[in-house]
Amino acid sequence: MSEARRSAPIGVFDSGIGGLTVLRQLRRQLPFENVLYLADQAHVPYGGRPLDEVRAFACAIVDAMVRQGCKAIVMACNISTATALESARENHPGVPVLGVIGPGAQAAAHESRVGRVGVLSTEGTARSRAYTRAIHRLAPDTQVFEVACPGFVPLVEAGETGSAEAGAAIELAIAPLRAARVDTVVLGCTHYPFLLPLLQAAAPEMCFVDPSEIAAVRMADTLRHEELLRAHVSPPSACFSTTGDPAHFRLQLDLLPDLPTISSVLRASWHGAALELAMARDGKCPDVRELDERYQSAPAQV
Ligand code: DGL
C-alpha cells in the first residue's frame, strides 16, 4: 500500500457534535491518523426524519468522503449506521466503512448479566429495530427494550448537558428501562455520552455502554489488517467541517475536552442530493489561520 494512501484521512461523520465522542476514542486508539470530521448540522437532528432520507444523507456523505480520498470511514452516527451501512459498503467496496451498532451490540451482549438490555436512541434508530437485531445475532435470548429519546439531541447540540430540562428528559427515558429491570443500557446515539453524568446519577444501578470504544478498536484492527496505518512522520491533522455555521461549530468544538488539535474548521455545502466537502487534497488541511480569515470575512450561510 502506498505511503500516500496510508496518509489519507479517516472520514468520520454525524449529524452534529455526537460523532466527536467516537472521534475521541479513535484518537486514543489511532493517535497518528489524519482525520476528516463532518457534522451535517444543516440537517440535525436526523432522529425524527424518515429513514430513507437519512440513508440518502449518509450515503452522499460517504460518497463525498471517498471523493476526498478518505482511506476508511466511520459512521459515527447510529441512525446512519442503521439505515445506510450496507448501501455504503456496496457502493464503495474498496473502502472500509464501519458503523457503531455492531460495536454497541457487542458491548451490551458482553456486559449484561441478567439478559435484559435497554437501548436509548433517537426515534429513527428505535423504529429501525437495528439494535434488537444486532443484539439477537450475538445473544438470541436477550430481551431488548428500545426507548426513543427525541429531546436529547437538541439539548446536547445546545450545550445543555447539565440542565434541569435534560434531567427531566432523562428521568422519562429511564422509567421504562427501570420497569423492565434491565442491567445494561446502550447509548444508542453518539450524542448521549455527553449526558452520561446525568444518566449515571439518575440510574446508578444500570451499566451504560458506549459503542464508540469498540468501534475505535475495530477501526484500528481494520487499518492494521489492510496495511493502512499511517506512519508517524509528522503530527496528524484533524480537519472539521460542517454543513451548518463553521463559526458556531468552532465554538462548540472549543468547549469540548479531549479532541485532537484542530487544523481547520470549514463549511461543507449540499448541492441538491450531493455534498461538497471543502477539504484540501492528499489528506492535508489548509493552514488554519488562512481558513479562519476566510470564514470570518465570509460568514457561513447554508
Ligand atoms: N448522533 C446521531 C446518532 O447516533 C444522530 C442524532 C440525530 O441527529 O438525531 O444517531
Side-chain angles (χ1 to χ4, degrees), residues 11-26 37-62 73-85 88 97-105 107-108 118-134 146-161 166 169 173 185-196 199 208-216 240-244 248-249 252-253 256 259 268 270 275 302:
V12 182
F13 74 89
D14 181 38
S15 60
I17 61 172
L20 299 170
T21 60
V22 180
L23 185 63
R24 276 200 302 226
Q25 294 293 342
L26 279 172
Y37 183 92
L38 175 83
D40 186 15
Q41 291 176 310
H43 295 134
V44 69
Y46 276 5
R49 293 175 182 272
L51 298 182
D52 283 348
E53 187 181 25
V54 176
R55 180 182 301 114
F57 293 153
C59 285
I61 294 168
V62 171
I73 292 167
V74 184
M75 292 188 170
C77 172
N78 288 265
I79 188 166
S80 298
T81 305
T83 57
L85 184 65
V97 184
L98 273 59
V100 282
I101 291 183
V119 181
L120 297 178
S121 73
T122 63
E123 279 173 278
T125 300
R127 217 178 323 129
S128 77
R129 289 282 174 265
Y131 264 106
T132 299
R133 287 194 300 278
E146 300 203 43
V147 176
C149 314
F152 284 14
V153 169
L155 285 165
V156 172
E157 286 287 323
E160 290 187 36
T161 51
V185 180
V186 183
L187 301 177
C189 168
T190 53
H191 282 75
Y192 297 178
F194 290 120
L195 295 167
L196 189 58
L199 286 162
F208 293 93
V209 297
D210 175 357
S212 67
E213 203 175 322
I214 293 182
F240 294 85
S241 211
T242 177
T243 57
H248 175 67
F249 187 40
Q252 289 178 303
L253 291 169
L256 298 173
L259 288 181
W270 286 101
L275 179 74
V302 179

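Since the structure is predicted, the reported quantities are computational estimates derived from the model, not experimental observations. Just so you know, ligand 1 is whichever comes first in the structure, and atom 1 is the first atom listed for that ligand.
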K.L.:
To check your reading of the model: name the closest protein heavy atom to atom 3 (C) of ligand 1, its residue, and the distance in Å.
P.N.:
Asn78 N, 3.2 Å

K.L.:
In ligand 1, which numbered atoms sit nearer than 4.0 Å to a non-hydrogen atom of Thr122?
P.N.:
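Numbered from 1, ligand 1 contributes 6 (C), 9 (O).
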
K.L.:
With no hydrogens and no angle check, do the side chains of Thr132 and Glu146 hold a donor and an acceptor under 3.5 Å apart?
P.N.:
yes

K.L.:
Around atom 5 (C) of ligand 1, find the nearest protein heavy atom and jot down its residue, atom name and distance.
P.N.:
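Result for atom 5 (C) of ligand 1: Ser15 OG, 3.4 Å.
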
K.L.:
Quick check on side chain to side chain contact (heavy atoms under 4.5 Å, CB included): which of Leu51, Leu120, Asn78 does Thr125 satisfy it with?
P.N.:
Asn78

K.L.:
So Leu275 and Phe13, do their side chains get closer than 4.5 Å, heavy atoms only?
P.N.:
no

K.L.:
Hey, is Ile79 touching ligand 1 through its side chain, its backbone, both or neither, going by heavy atoms under 4.0 Å?
P.N.:
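The part of Ile79 near ligand 1 is both the backbone and the side chain.
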
K.L.:
Taking everything shown except Glu160 itself, do over 12 heavy atoms lie less than 6.0 Å from its CD?
P.N.:
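More than 12 heavy atoms, drawn from other residues, nucleotides or ligands, come within 6.0 Å of this atom.
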
K.L.:
How far is atom 9 (O) of ligand 1 from its nearest protein heavy atom, and which residue and atom name does that atom have?
P.N.:
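For atom 9 (O) of ligand 1, the nearest protein heavy atom comes out as Gly47 N, 2.8 Å.
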
K.L.:
When only distance counts, is Thr190 in polar contact with ligand 1, meaning an N/O pair under 3.5 Å?
P.N.:
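Among all N and O atoms of Thr190, at least one is under 3.5 Å from an N or O of ligand 1.
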
K.L.:
Out of all atoms in ligand 1, which are within 4.0 Å of some heavy atom of Val44? Include the element for each.
P.N.:
8 (O)

K.L.:
Could you tell me whether the side chain of Asp40 reaches within less than 4.5 Å of the side chain of Trp270, counting heavy atoms only?
P.N.:
yes

K.L.:
Using a strict cut-off of 4.0 Å, indicate which atoms of ligand 1 neighbour a heavy atom of Cys77.
P.N.:
2 (C), 3 (C), 4 (O), 5 (C), 10 (O)

K.L.:
Does any N or O in the side chain of Arg127 come within less than 3.5 Å of the main-chain N or O of Pro50, such that one atom is a donor and the other an acceptor?
P.N.:
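No: the side chain of Arg127 does not pair with the backbone of Pro50.
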
K.L.:
With a 4.5 Å cut-off on side-chain heavy atoms, are Ile61 and Met75 touching?
P.N.:
no

K.L.:
Do any N or O atoms from the side chain of Gln252 and from the backbone of Glu157 form a donor-acceptor pair under 3.5 angstrom?
P.N.:
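Side chain of Gln252 to backbone of Glu157: a pair is present.
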
K.L.:
Counting non-hydrogen protein atoms only, what is the nearest one to atom 7 (C) of ligand 1? Give residue, atom name and distance.
P.N.:
Tyr46 N, 3.2 Å

K.L.:
Among all the protein's non-hydrogen atoms, which is closest to atom 2 (C) of ligand 1, and how far away is it?
P.N.:
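Minimum-distance protein heavy atom for atom 2 (C) of ligand 1 reads Asp14 OD1, 3.1 Å.
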
K.L.:
Examine Gly18 against ligand 1 and note whether any of their N/O atoms are separated by less than 3.5 Å.
P.N.:
no

